[in-house]
Student: 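Okay, handing you the structure first.
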Amino acid sequence: MQKQVSKVRVRFAPSPTGGLHLGGVRTVLYNYLFAKKHHGDFIVRIEDTDQTRFVEGAEQYIFDCLRWCGLEPNESPLHGGSFGPYRQSERKSTYLQYALQLIEAGHAYYAFDTPTELEEMRNRFKTDENPSPQYDASIRMKMKNSLTLSPDDVKKMLSEKVPYVIRIKIPQNETISFNDMIHQEVSFDSNVVDDKVLLKADGMPTYHLAVVVDDYLMKISHAFRGEEWLSSAPVHILLWKYLFGLDHMPQWAHLPLILGPAGKLSKRDGAKFGFPVYAMNWIDPRNNEFTEGFKEKGFLPEAFVNLLAILGWNNGTEQELFSLEELIDQFSLERVHKSGAKFDYEKAQWFNHEWIKKSSDDHLLPIVKNLLTNKNISDINDSFLKKLIGLVKERCTLIEDFYSQTVYFFKKPDYVELEAIQPKWTMDKSTFFNRFIEKLDGIEDWSFQSIENEFKQLSAEMLIKPGELQLPFRIMLVGGKFGPAVFEIANLIGKAETKHRINATLMKLNN
RNA sequence: GCCGCGUUGGUCAAGAGGUUAAGACGCCUCCCUUUCACGGAGGAAUCACGGGUUCGAGUCCCGUACGUGGUACCA
């Protein structure tokens with residue numbers, strides 16, 4: 001019953017044309033999870049057959065993103081492997097023979113129509129009911145191709161190097177169906193699919209030919225791709241049938257799309273709604289257009305991967321937080337949704353917040369240290385910083401937040417929110433803090449406990465509720481209404497600095 | 001237009017004929033904390049619509065609507 005068990009091999013096949021967006025990373029992730037779960041291989045193949053859209057640096061960028069996410073391929077142009085080359089542009093010569101083989105078998109034909117002739121055809125046959133006429137059975141006999149031209153003419157044109165493409169000859173009145181791992185049975189009427197170009201005039205294959213040939217040659221067992229490909233699946237099924245046999249065809253899985261707030265997610269949405277759509281920052285070298293990435297926005301890769309996994313899949317329980325290992329263990333295609341999901345940035349941030357809380361101080365240390373260094377805070381003592389991280393991480397949603405949550409430990413606040421204390425400021429309070437400074441000198445161990453004791457004792461003596469004084473004290477040290485326990489802060493910034501900040505604020509208040 | 005795919009609160013979703021229709025995000029209230037968070041307790045809010053089938057439908061069938069993708073010598 002079992003169709004011979006072959007090794008699981010999956011592939012992610014991006015075009016090096018620009019940034020890697022959410023949907024792309026999720027496709028990678030599902031590929032990766034499936035491969036790892038089944039002890040298979042994850043391959044990255046670069047589909048650079050459209051030379052007009054090639055963008056310098058885009059390929060390297062894709063690998064950088066995958067590395068950041070922790071989704072390292074087993075085979076790729078960068079990682080090597082025995083099924084290379086892994087760039088379609090470097091496999092150009094292999095595609096022609098398959099196209100020729102199809103012609104030989106009567107499943108494809110040469111077409112000599114020029115772009116303008118095609119344009120003319122579309123205009124000529126355009127009607128209200130059919131705004132975009134296809135190159136199909138109903139019109140191919142009216143075009144300039146090896147089906148309508150005499151064999152001699154074709155031979156002559158070929159030898160004269162008249163530009164041509166090779167098109168698949170879609171059969172009539174057939175139902176093309178296949179079993180998708182996510183959508184189950186999907187079927188198409190062959191009469192509505194057109195004679196797609198297989199080999200372009202420049203000798204490069206189109207996606208349709210290349211994907212089939214390469215999936216076969218690279219022994220791909222399961223093919224994941226976005227749902228936008230579902231409509232062209234019948235072409236691929238036919239190609240498999242004609243070229244290699246349906247028995248060898250990989251199992252298809254057409255993944256649901258990730259939608260933006262208003263329809264399909266685009267990089268425009270990022271700028272418009274204020275959230276990243278790419279994994280990492282991307283600057284288009286052609287026009288210097290900048291698109292923000294999750295990495296630089298302050299997301300932890302663990303959180304990024306987690307939130308993407310959950311967008312369209314769940315394990316049936318209430319669990320939402322998953323490590324990569326857990327995802328590998330629990331992932332199953334059966335539980336991937338059929339319908340597209342709208343991306344919710346609020347929830348994305350929640351994931352990051354949770355992951356920051358979940359991460360150990362040691363894990364966060366280099367990340368936060370890097371952040372602070374970039375903000376010109378140097379000479380950071382690791383164990384000191386680790387302590388700070390532990391103290392503030394539950395208040396940080398994005399990595400960036402560690403800056404505002406920890407700067408005041410390194411330097412006195414740039415801005416002190418005086419307006420928060422001024423209205424209720426009294427002479428008594430002023431006196432309190434002046435006396436408190438003196439008391440501070442007497443504290444020898446400088447533990448937060450001792451500081452708190454002195455503070456409470458003095459306030460009791462002066463008959464002022466400690467709560468009335470804590471907020472001003474906080475503002476003096478931190479600059480605003482945030483941060484961990486105020487005595488803890490005093491303890492960490494030291495006696496001299498504590499006195500200094502109290503004094504500085506006192507002077508401003510008394511002005 | 002045609003073809004494909006889809007449709008459970010605002011969002012992500014559990015659910016596979018009989019449930020008070022989980023849970024999470026966000027929002028609101030309260031507790032904790034005289035900071036901000038964390039944590040805890042509550043609250044508002046849902047099966048797109050219309051027909052069937054059935055003793056019984058969010059769950060099955062058919063229509064409609066809506067959304068989304070494709071309809072390129074782009075992937």
Side-chain angles (χ1 to χ4, degrees), chain A residues 13-17 47-50 52-53 88 111 113-115 118 122 126-136 163-167 180 182-183 186-189 191-194 196-208 210-211 225-234 254 256-257 259 261 263-264 307 310-321 335 337-351 353-354 357 392-397 401 404-405 417 420 465-475 478 480-486 489:
Chain A
S15 293
T17 54
E47 309 222 327
D48 54 351
T49 53
D50 185 357
T52 64
R53 293 209 309 157
Q88 290 182 331
D113 317 277
T114 65
L118 287 174
R122 291 192 183 105
K126 184 157 74 178
T127 60
D128 283 347
E129 298 78 52
N130 185 10
S132 47
Q134 303 191 118
Y135 202 118
D136 60 16
Y164 69 88
V165 301
I166 294 177
R167 310 185 86 112
D180 187 88
I182 290 166
H183 296 277
V186 180
S187 60
F188 300 84
D189 177 349
N191 295 333
V192 303
V193 354
D194 62 335
K196 285 267 181 286
V197 168
L198 263 21
L199 201 80
K200 301 186 265 191
D202 64 1
M204 279 289 194
T206 57
Y207 172 81
H208 308 293
V211 74
R225 58 182 3 174
E227 207 187 78
E228 70 268 26
W229 289 109
L230 199 49
S231 303
S232 42
H254 289 88
L257 267 11
L259 309 172
K264 64 179 169 181
L307 73 91
I310 285 300
L311 202 58
W313 171 87
N314 70 76
N315 71 351
T317 74
E318 289 180 10
Q319 185 178 358
E320 290 192 287
L321 262 21
R335 295 199 64 91
H337 288 182
K338 290 178 167 65
S339 52
K342 204 170 281 186
F343 174 68
D344 181 2
Y345 187 55
E346 296 286 346
K347 181 110 188 197
Q349 289 184 100
W350 174 79
F351 273 106
H353 187 37
E354 291 298 315
K357 284 191 290 175
V392 307
K393 67 181 176 188
E394 67 190 24
R395 289 156 233 266
C396 298
T397 298
D401 296 336
S404 58
Q405 290 291 342
E417 208 182 318
K465 278 187 276 182
E468 299 256 320
L469 298 161
Q470 271 189 43
L471 184 65
F473 190 27
R474 165 178 302 281
I475 303 276
V478 176
K481 294 198 270 188
F482 60 93
V486 68
I489 296 169

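Reminder, nothing fancy here: chain letters follow the sequence lines and each chain counts from 1. Because the structure is a prediction, the values reported are computed rather than measured.
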Student: Considering just the side-chain nitrogens and oxygens of K357(A), establish if one lies under 4.0 Å of OP1 or OP2 belonging to rG39(B).
Tutor: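 Yes, within the criterion.
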Student: Hey, does the side chain of K200(A) come within less than 4.0 Å of rA75(B)'s phosphate (OP1/OP2), counting only N and O?
Tutor: yes
Student: Just to be sure I understand the rule, does A201(A) reach a base, reach only the sugar-phosphate, or reach nothing, if contact means heavy atoms closer than 4.0 Å?
Tutor: base
Student: May I ask which nucleotide in the shown strands pairs with rG4(B), Watson-Crick or G-U wobble, both distances under 3.5 Å?
Tutor: rU68(B)
Student: Is there a side-chain polar atom (N or O) of T52(A) under 4.0 Å from OP1 or OP2 of rC74(B)?
Tutor: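 No, because none of the side-chain N or O atoms of T52(A) sits under 4.0 Å from OP1 or OP2 of rC74(B).
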Student: Look only at the side chain of D48(A) and the backbone of Q88(A), and say whether a donor-acceptor pair between them is shorter than 3.5 Å.
Tutor: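 Yes; at least one donor-acceptor contact below 3.5 Å.
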Student: Base, sugar-phosphate alone, or nothing: which one does P234(A) contact when heavy atoms must sit under 4.0 Å apart?
Tutor: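 Touches nothing.
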Student: Reading RNA chain B from 5' onward, which residue's closest nucleotide shows up sooner: D194(A) or L257(A)?
Tutor: L257(A)
Student: What's S187(A) touching, base or sugar-phosphate or nothing? Going by heavy atoms closer than 4.0 Å.
Tutor: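 Answer is sugar-phosphate: S187(A) comes under 4.0 Å of backbone atoms only.
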Student: Would you mind classifying the nucleic acid contact of V197(A) as base, sugar-phosphate or nothing, using non-hydrogen atoms under 4.0 angstrom?
Tutor: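 Sugar-phosphate only.
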Student: Provide the Watson-Crick or G-U wobble partner of rU35(B), both distances under 3.5 Å; none if there is no partner.
Tutor: none
Student: Under 4.0 Å between a side-chain N or O of R335(A) and OP1 or OP2 of rG15(B)?
Tutor: yes
Student: Give E129(A) one of three labels, base, sugar-phosphate or nothing, depending on what nucleic acid heavy atoms sit under 4.0 Å from its own.
Tutor: base
Student: Return no unless some side-chain N or O of H353(A) is found under 4.0 Å from OP1 or OP2 of rC38(B).
Tutor: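 Yes, because at least one side-chain N or O of H353(A) sits under 4.0 Å from OP1 or OP2 of rC38(B).
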Student: What is the distance, to the nearest angstrom, from the CG atom on L311(A) to the P atom on rC25(B)?
Tutor: 16 Å
Student: Check every atom of rA24(B), rA75(B), rG6(B) against the side chain of T49(A) and return the nucleotide holding the closest atom.
Tutor: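 The closest nucleotide is rA75(B).
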Student: Name the nucleic acid region contacted by R225(A), choosing base, sugar-phosphate or nothing; use a 4.0 angstrom heavy-atom cut-off, strictly under.
Tutor: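 Nothing, no nucleic acid heavy atom in range.
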Student: If pairing requires Watson-Crick or G-U wobble contacts with both distances under 3.5 Å, which nucleotide is the partner of rC30(B)?
Tutor: rG40(B)
Student: Contact class for N191(A) (heavy atom, under 4.0 Å): base, sugar-phosphate, or nothing?
Tutor: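 It contacts nothing in the nucleic acid.
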Student: Should the ring pair Y207(A) and W229(A) be called parallel, tilted or perpendicular, given that the plane angle runs from 0 to 90° and is split at 30 and 60?
Tutor: parallel
Student: In whole angstroms, how far is the C1' atom of rC74(B) from the CG atom of D48(A)?
Tutor: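 Going from D48(A) (CG) to rC74(B) (C1'), I get 13 Å.
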Student: What's the CG-P distance between L259(A) and rC5(B), to the nearest Å?
Tutor: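 From L259(A) CG to rC5(B) P: 18 Å.
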Student: Within the structure shown, what part of the strands sits under 4.0 Å from S132(A) by heavy-atom distance: base, sugar-phosphate, or nothing?
Tutor: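 If one applies the 4.0 Å heavy-atom cut-off, S132(A) turns out to touch a base.
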Student: Indicate, with a heavy-atom threshold strictly under 4.0 Å, whether K465(A) touches base, sugar-phosphate, or nothing.
Tutor: base
Student: Could you give me the CA-CA distance, side-chain angles and deciding distance for K200(A) and T49(A), then say whether side-chain contact (heavy atoms from CB on, under 4.5 Å) is met?
Tutor: CA-CA 10 Å; K200(A) 301 186 265 191; T49(A) 53; 4.3 Å; yes
Student: So what does G312(A) touch, heavy atoms closer than 4.0 Å: a base, only the sugar-phosphate, or nothing?
Tutor: sugar-phosphate
Student: For I310(A) and for W229(A), locate the closest nucleotide of RNA chain B by heavy-atom distance; then report the residue assigned to the nucleotide nearer the 5' terminus.
Tutor: I310(A)
Student: Choose from rC25(B), rG1(B), rC74(B) the nucleotide whose nearest atom is closest to any side-chain atom of D344(A).
Tutor: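 Per side-chain heavy atoms of D344(A), the pick is rC25(B).
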Student: Only counting residues at least two apart or in another chain, list the ones meeting side-chain hydrogen bond (donor to acceptor under 3.5 Å, both in side chains) with E320(A).
Tutor: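 E320(A): side-chain hydrogen bond (donor to acceptor under 3.5 Å, both in side chains) contacts with K347(A).
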Student: To the nearest Å, give me how far apart CZ (F343(A)) and P (rC25(B)) are.
Tutor: 16 Å
Student: From the set rA75(B), rC73(B), rC36(B), return the single nucleotide nearest to any side-chain atom of R395(A).
Tutor: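 Selected nucleotide (nearest to the side chain): rC36(B).
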Student: Closer than 4.0 Å, any side-chain N/O of K347(A) to the OP1 or OP2 of rA13(B)?
Tutor: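 So the side-chain polar atoms of K347(A) never come under 4.0 Å of the phosphate oxygens OP1 or OP2 of rA13(B).
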Student: So for S231(A) and rG69(B), does any side-chain atom that can act as donor or acceptor lie under 3.5 Å from a complementary atom in the base?
Tutor: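 Flag set: donor-acceptor pair detected.
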Student: For Q134(A) and rG70(B), what is the distance between atoms CD and P respectively, to the nearest whole Å?
Tutor: 14 Å
Student: Considering only rC3(B), rA75(B), rC12(B), which nucleotide approaches the side chain of F188(A) most closely?
Tutor: rC3(B)
Student: From the set rC73(B), rG4(B), rA75(B), return the single nucleotide nearest to any side-chain atom of P115(A).
Tutor: rC73(B)
Student: Does N314(A) have a side-chain nitrogen or oxygen under 4.0 Å from the phosphate oxygens OP1 or OP2 of rC12(B)?
Tutor: no
Student: Find the distance Q470(A):CD to rU35(B):P and express it as a whole number of Å.
Tutor: 8 Å
Student: Counting only Watson-Crick or G-U wobble pairs whose two distances fall under 3.5 Å, which nucleotide matches rA13(B)?
Tutor: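 Looking at the geometry, rA13(B) pairs with no nucleotide.
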Student: Between rG1(B), rG4(B), rU35(B), which nucleotide has the shortest distance from any of its atoms to the side chain of K481(A)?
Tutor: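 The answer is rU35(B), which lies nearest to the side chain.
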Student: Considering every strand and a 4.0 Å limit on heavy-atom distances, what is the contact class for D128(A): base, sugar-phosphate, or nothing?
Tutor: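 Sugar-phosphate contact only - D128(A) comes under 4.0 Å of backbone atoms but never of a base.
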Student: If you compare every side-chain N and O of H337(A) against the phosphate oxygens of rA14(B) (OP1, OP2), does one of them come in below 4.0 Å?
Tutor: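 Looking at the OP1 and OP2 atoms of rA14(B), one of them is under 4.0 Å from a side-chain N or O of H337(A).
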